[in-house]
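All figures in this text were calculated on a predicted structure; none of them were measured in a lab. Convention: sequence-line order gives letters A, B, ...; per-chain numbering from 1.
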Amino acid sequence: MTPYRLTRRAMLIAGTAVLAAPYVARAASKSIVVATSGGALEASFDAAYYKPFTAKTGIEIVKTVNTYSKLKAMVEANAVEWDVAQLDSPAAANFAHQGLLEKLDYGVIDKTDLIEGAAQESYLRCDVAAACIAWNTKIVKPAQVPKTWAELWDLKRFSGQRGLWKQPYQTMELALMADGVPLDKLYPLDVDRALKSLDRIKQDIFWWANGAQSAQILIDGDVPAGMTWNGRVYDPRQNGAPVDFHFNQALFVADTFVVPRGAKNRKEAMEFIAFAMQPQPQADFSKTIPYGPTNRKALALLDEKRLAVLPSSTQNLAHGVFQNADWWAENGAKTLERFNSWILG
Amino acid sequence: MDAQPSVIIRTARPWTQGRGYALLAAVPCLFLAVLFVWPLLRVVLRSVLEPRPGIGNYTKIMFSGPYVAILLNTLEVAAIVTGVCLLIAYPVAALTARMNGLRLRLMTALIVGSLWTSAVIRSYAWMILFQRYGIVNDALVALGIADAPVRILQTTTAVVIGMVHILLPFMLLPLIASMRRIDPNLLRAGRILGANPVRLFLGVYFPLSLPGVHAGTVLVFISSLGFFITPALLGGGRMMMAAMLIEQQANIYLDWPIASAVATVLLAITLVLYIAYGRIARVDVTRSLR
């Protein structure tokens with residue numbers, strides 16, 4: 001009996017060793033997991049941040065998708081697979097609020113040249129996009145182009161549905177601007193007033209569900225005008241699609257870098273963020289995607305033509321307002337209830 | 001079947017076919033327990049333990065906010081989709097059930113084949129067909145049915161069409177299976193006894209097809225309750241189904257306790273309807289066979 005048992009145990013050990021080998025080998029060359037929303041953004045991250053970082057440090061980047069609910073579940077179960085995640089800023093503020101993020105190490109990350117509000121205790125705004133007014137150039141004549149949200153709300157200006165995001169996020173801010181609230185007086189948001197403002201065009205709203213759809217309905221002429229993010233219509237416009245946009249009264253939204261609480265490679269994660277936030281990688285990022293850098297020195301590395309299309313360039317930043325992520329972290333769930341009640345009311 | 005347990009008792013043999021099956025079933029049962037029942041239980045637990053223990057989340061759902069309206073919207077859409085599916089599928093299934101050989105195989109392939117394309121892609125396809133200057137509107141205007149492009153997107157009609165398209169196979173397959181089991185001699189007997197076609201259908205064929213109707217409607221109705229992408233893409237204002245809400249709360253606003261409570265309520269409604277419907281349908285079938 002005994003030799004037989006020993007053989008089986010030996011087999012088990014050998015088998016385990018074979019199965020574990022790839023992990024041991026991988027541990028030898030260090031790697032960190034970076035979760036993003038994928039697509040064009042990840043491609044730009046890869047070119048501007050991942051490849052140069054690996055070349056410099058030898059640390060490999062493993063790509064994955066940043067499902068928000070997964071992040072919460074991983075931290076709660078204390079089984080965190082990601083080291084760095086890209087989140088939109090209200091989500092980052094919300095995660096920070098719930099205590100699910102590591103504090104960022106500003107001894108390693110240099111925040112001296114970052115734009116105001118970019119560096120927070122446990123998240124860091126790494127790029128700036130704009131929720132802006134866009135229109136179909138075949139349907140909306142140059143004289144009719146809405147210069148403000150109030151003009152977009154004006155149903156006499158041109159007929160047809162207005163495209164808006166079926167979320168209170170951002171839509172509340174636009175509705176308040178349309179009702180005449182000055183940009184610097186937006187927060188705290190007056191939700192009642194925002195819903196009343198939306199009431200005026202309720203029958204004429206085309207509710208879209210995601211960014212791809214927001215651009216598609218503009219380009220196909222389902223809506224003459226509406227809200228979309230500059231990054232969604234920039235490429236189509238350059239490629240000749242009948243769509244245009246401007247930054248007047250834009251609501252600036254940001255992506256952030258965060259480190260989940262209990263990340264296994266905390267030190268390397270901080271090094272990665274520190275590397276990515278330097279002027280040159282930040283400028284390289286903004287050359288491949290129309291999202292602006294948050295490092296002021298990166299702006300100096302970009303030419304005038306490029307600066308004109310980036311939300312965070314000095315000339316464009318003056319026309320809009322930053323979304324207040326903290327307000328949404330505290331009031332998001334409540335506002336969602338109000339918004340959904342209004343939708344079905 | 002009944003003989004097997006008695007065999008086990010009498011001879012006390014250590015290994016029988018029955019025990020073999022039980023062991024085989026143990027593996028998937030364990031799999032389901034660990035990966036389905038336990039997580040589901042955690043969702044239910046979260047709904048009564050967070051943010052503080054009690055039924056706070058449920059009183060909130062019942063008495064405040066948009067939750068009751070959203071659940072009613074969900075049930076309404078699911079009921080319409082199920083009804084339309086049944087109306088379309090019944091004659092198609094009756095015809096298919098009478099086919100044989102190559103034609104039957106071709107028909108089944110067509111029905112099953114439509115399942116190979118994902119719901120997301122098919123919802124996007126409807127978006128393109130239904131758009132203002134899309135193929136459907138072009139046809140309506142060219143045929144003189146409409147003077148100008150009509151609004152199809154952002155309506156409940158668009159959502160129902162999209163969902164019916166996706167769920168039709170789940171109505172067709174059980175219907176066909178149950179109709180093929182109907183003994184043609186019973187219809188022949190009815191005809192000999194002087195029943196006209198209407199009476200033959202109402203008195204014989206339809207009651208005998210009820211198991212299929214039952215299975216199909218339950219499958220389609222319950223699947224409809226969980227639909228998310230189709231209503232999100234094709235629906236407009238006044239369209240907010242429970243799964244869309246749960247997705248928003250779980251993934252964007254990170255309000256898991258209330259999302260868990262909504263999910264639990266949806267699960268409870270589904271179970272109650274399933275059990276109640278099962279009872280009613282069983283009564284119907286037994287009565288019709290009497």
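Contact annotation for A:T335: neither backbone nor side-chain heavy atoms come within less than 4.5 Å of a heavy atom of chain B. Both the backbone and the side chain of A:A73 come within contact range of chain B, each with at least one heavy atom under 4.5 Å from a heavy atom of that chain. Within the 4.5 angstrom heavy-atom criterion, no atom of A:D88 approaches chain B. Residue contact with chain A, scored on non-hydrogen atoms closer than 4.5 Å, involves the backbone and the side chain of B:Q131 alike. Looking at A:I205, the atoms closer than 4.5 Å to chain B (heavy atoms on both sides) all sit in the backbone: N, CA, C or O. Heavy-atom distances place the side chain of B:D255, and not its backbone, under 4.5 Å from chain A. If you measure heavy-atom distances from B:I128 to chain A, you find no contacts under 4.5 Å at all. Of the two parts of B:M127, only the side chain, counted from C-beta on, holds a non-hydrogen atom closer than 4.5 Å to a non-hydrogen atom of chain A. For a residue to count as touching a neighbouring chain, one of its non-hydrogen atoms must lie under 4.5 Å from one of that chain's; by this rule B:L153 touches chain A with the side chain only.
Within a 6.0 Å radius of CG in B:L267, other residues, nucleotides and ligands contribute more than 12 heavy atoms. When the shell of 6.0 Å around CG of A:N78 is examined, it contains 12 or fewer heavy atoms from other residues, nucleotides or ligands. Applying the 6.0 Å contact sphere to CG of A:N239 captures more than 12 heavy atoms from other residues, nucleotides or ligands. Counting non-hydrogen atoms of neighbouring residues, nucleotides and ligands closer than 6.0 angstrom, the CG atom of B:L271 exceeds 12 such neighbours.
A:Y68 has its ring centre no less than 6.0 Å from the ring centre of B:W256.
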Query raised in the report: Would B:T217 and B:M171 count as a side-chain contact (heavy atoms from CB on, under 4.5 Å) if you check the C-alpha gap in whole Å, the side-chain angles of each, and the deciding distance to 0.1 Å?
Result: CA-CA 7 Å; B:T217 42; B:M171 185 66 85; 3.8 Å; yes

Report task. Kindly indicate, with the supporting measurements, whether the criterion side-chain contact (heavy atoms from CB on, under 4.5 Å) is fulfilled by B:N57 and B:V48. Result -> CA-CA 7 Å; B:N57 292 319; B:V48 290; over 6 Å; no

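Most heavy-atom pairs under 4.5 Å with chain B, from the set A:R338, A:K70, A:Q167, A:Q203: that is A:Q167. Looking only at heavy-atom pairs under 4.5 Å with chain B, the residue among A:F95, A:W208, A:W342 that has the most is A:F95. Contacts with chain A were tallied for B:M239, B:R151, B:Q249; B:R151 has the most, counting heavy-atom pairs under 4.5 Å. Of the residues considered (B:Y67, B:Y133, B:Y124, B:Y253), B:Y253 shows the highest number of contacts with chain A, using heavy-atom pairs under 4.5 Å. Chain B forms more heavy-atom pairs under 4.5 Å with one residue of A:S69, A:G332, A:A91 than with any other, namely A:S69. By number of non-hydrogen pairs under 4.5 angstrom with chain B, the leading residue of A:F206, A:W328, A:Y169 is A:F206.
The aromatic rings of A:Y187 and A:W327 sit tilted relative to each other, their planes meeting at an angle between 30° and 60°.
Atom CG of A:N94 is separated from atom CG of B:L254 by 4.5 Å, given to the nearest 0.5 angstrom.
Across A:V34, A:V258, A:V33, a single residue satisfies side-chain contact (heavy atoms from CB on, under 4.5 Å) together with A:V84, and that is A:V34.
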